[in-house]
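Before I ask anything, let me first share the structure, which is written out below as structure tokens.
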Amino acid sequence: MTLELTTAGESHGPALVAILTGLPAGLRLDRDAIDEDLRRRREGYGRSPRQQLEHDEVEVLAGLRHGLTLGTPLALVIRNRDHETWAWGMSPWPPGGEPEGKGTRPVTLPRPGHADLAGALKFGHEDVRDALERASARQTAAHVAAGAVAKALLRELGVSVAGRVLEIGGETDDGAWAHATDDARRERDTLGGVVEVVADGVPPGLGSYAEKRDRLDARLAAALMGIQAVKGVEVGDGFALARLRGSEAHDEIERDRRRRTNRAGGLEGGITNGEPVVVRVAMKPLPTLMRPLRSVDLATGEPADALVERSDVQAVEALAVVAEAAVAWELAAAAREKHGGDALSDFVGAHRAYLERIRWPR
Ligand SMILES: Cc1cc2nc3c(=O)[nH]c(=O)nc-3n(C[C@H](O)[C@H](O)[C@H](O)COP(=O)(O)O)c2cc1C
């Protein structure tokens, strides 16, 4: 059984859409839990005023009846509340009438660090908005909603996933994060940071070494690297391991097959080993600067300042939620591959039988 996710939606279009296939029937979903993750994604000290405007709520169009999945495609929608002000500019059909609201004038000033230039060249867009609307991290709301569903599935197996911030703007002291963000805002600059995601209760045996594509560490890295502004991923102690000797780097195996250390981050040979899965993610400083970098006007070919548009100073707290969703999704997908099942009870039953076989305490 393969768990798959397809999303659609522009940042200021009518809505974001997610279609999830491969879920078992009979999984109970909690609307408040999904909305709570959407709320967590919007929050954070460095976010733009748009995040206060947006009030994301999930709507379900298919695949759910009376709170239980039907085992058919689950279709989720999150409306973009501020689409109203972009109704002309982002109208899916030729808008007609006088241009009004936002997005009516073409964007021709690509931002260094954003998808603007490469996206416009690749797709032949004269209005950079045609690239930036989908490249924008607004689409991560759809992934967070899907991640909330994945977490509900994982909970049935006793697995929990949590993301947290480790660093913002090079500061590891959480007391300094608000100051660092204020300083950057005052200087009309942006910050990046580091987040960590830990999954507890993960059984041994998710993922495989059979092929590169089966390795769960590789899948996690791809899923995390697929998030906007992520430029580095480490599994366990990652880069620090490169500076140690083998005798210091590996996690010795005890009689109960558990480890006293977890430098491997719960993954050996691309397979979970029964220890918590630990990954860290590095986010670059956001590319939209209120004091813009140098660019070129694509309409005239002349040097110009890059586009300035309402933007976050930093979004590291939000990244922690988005990365948590990505890890949950990949773990849930690996568990579906391993245990299959059309009904939730088939899936959970296969998981329990497997734990019996390997005599792994629940
Ligand atoms: C949760 C989140 C929020 C973001 N918010 C912004 C933002 O407000 N302004 C901005 O310029 N980039 C923001 N980004 C990053 C850009 O979307 C990203 O840098 C851009 O799409 C280019 O992709 P790349 O950095 O992966 O190469 C955000 C990223 C995430 C994960």
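Every number for a ligand or one of its atoms is a count from 1 in the order of the listing.
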Which residue supplies the protein heavy atom nearest to atom 10 (C) of ligand 1, what is that atom called, and how far is it?
-> Thr288 OG1, 3.4 Å
Closest heavy-atom contact between Gly341 and Pro24?
->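 Distance-wise, the nearest heavy atoms are O-CB, 4.1 Å.
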Salt bridge or not for Arg129 and Glu133, using N-O below 4.0 Å?
->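 Salt bridge between Arg129 and Glu133, a charged N being under 4.0 Å from a carboxylate O: yes.
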Of all the non-hydrogen atoms in the protein, which one sits nearest to atom 1 (C) of ligand 1, and at what distance?
-> Ala318 CB, 3.7 Å
Applying a strict 4.0 Å limit to heavy atoms, is Arg41 in contact with ligand 1?
-> no
Could you tell me whether Arg40 and Glu324 have a side-chain N and a carboxylate O separated by less than 4.0 Å?
-> yes
In terms of atom number and element, which parts of ligand 1 are under 4.0 angstrom from non-hydrogen atoms of Pro287?
->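 Counting atoms of ligand 1 from 1, those under 4.0 Å from Pro287 are 10 (C), 11 (O), 12 (N), 19 (O).
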Can you tell which of Ser311, Gly119, Ala137 gets a heavy atom nearest to atom 2 (C) of ligand 1?
->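 Nearest option to atom 2 (C) of ligand 1, by heavy atoms: Ala137.
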Below 4.0 angstrom, N of the basic side chain to O of the carboxylate: do Asp237 and Arg280 qualify?
->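 Yes, Asp237 and Arg280 are salt-bridged.
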Who are the salt bridge (Lys or Arg N to Asp or Glu O under 4.0 Å) partners of Glu356, not counting sequence neighbours?
-> Arg362
Ion pair present between Glu57 and Arg81, side-chain N to carboxylate O less than 4.0 angstrom?
->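 So Glu57 pairs with Arg81 through a salt bridge.
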Do Glu337 and Asp214 pass the side-chain contact (heavy atoms from CB on, under 4.5 Å) test, and can you show the C-alpha distance, the side-chain angles, and the key distance before you say yes or no?
-> CA-CA 10 Å; Glu337 271 164 39; Asp214 301 322; 5.7 Å; no
Near Ile227 (heavy-atom distance under 4.0 Å), the atoms of ligand 1 are 31 (C)
Nearest-contact summary for atom 22 (C) of ligand 1 - protein heavy atom, Å | Gly113 O, 3.5 Å
Residue-ligand contact Ser48/ligand 1, heavy atom below 4.0 Å = no
Hey, is Asp30 close enough to Lys151 for a salt bridge, meaning N to O under 4.0 Å?
-> no
Return yes if some donor-acceptor pair links the side-chain N/O of Asp297 with the main-chain N/O of Leu109 below 3.5 Å, else return no.
->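 Here the side-chain-to-backbone pair does not exist.
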In the protein, which heavy atom is nearest to atom 27 (O) of ligand 1, and how far is it?
->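 Nearest protein contact, heavy atoms only, for atom 27 (O) of ligand 1 is Lys231 NZ, 3.1 Å.
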Considering heavy atoms of the protein only, find what lies nearest to atom 13 (C) of ligand 1 and give residue, atom and distance to 0.1 Å.
->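 Result: Leu286 CD2, 3.5 Å.
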Are Arg259 and Glu268 close enough for a salt bridge, meaning some N to O gap below 4.0 Å?
->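 Yes, Arg259 and Glu268 are salt-bridged.
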Side chain, backbone, both or neither: Glu317 near ligand 1, heavy atoms under 4.0 Å = neither
Does ligand 1 have an atom that lies less than 4.0 angstrom from a heavy atom of Met283?
-> yes
Closest by any non-hydrogen atom to atom 17 (O) of ligand 1: pick that one out of Met225, Gln314, Gln228.
-> Gln228
Going by heavy-atom distance to atom 20 (C) of ligand 1, choose the closest among Arg138, His114, Arg42.
->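 Among Arg138, His114, Arg42, the closest heavy atom to atom 20 (C) of ligand 1 belongs to His114.
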In terms of residue, atom name and distance, what is the protein heavy atom nearest to atom 26 (O) of ligand 1?
-> Ala229 N, 2.9 Å
Would you say Arg42's side chain and Ala141's backbone share a donor-acceptor pair under 3.5 angstrom?
-> no
Considering heavy atoms of the protein only, find what lies nearest to atom 5 (N) of ligand 1 and give residue, atom and distance to 0.1 Å.
->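 Minimum-distance protein heavy atom for atom 5 (N) of ligand 1 reads Asp312 OD2, 3.1 Å.
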Quick one: which ligand 1 atoms are inside 4.0 Å of a heavy atom on Arg47?
->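 By the 4.0 Å cutoff, the relevant atoms are 3 (C).
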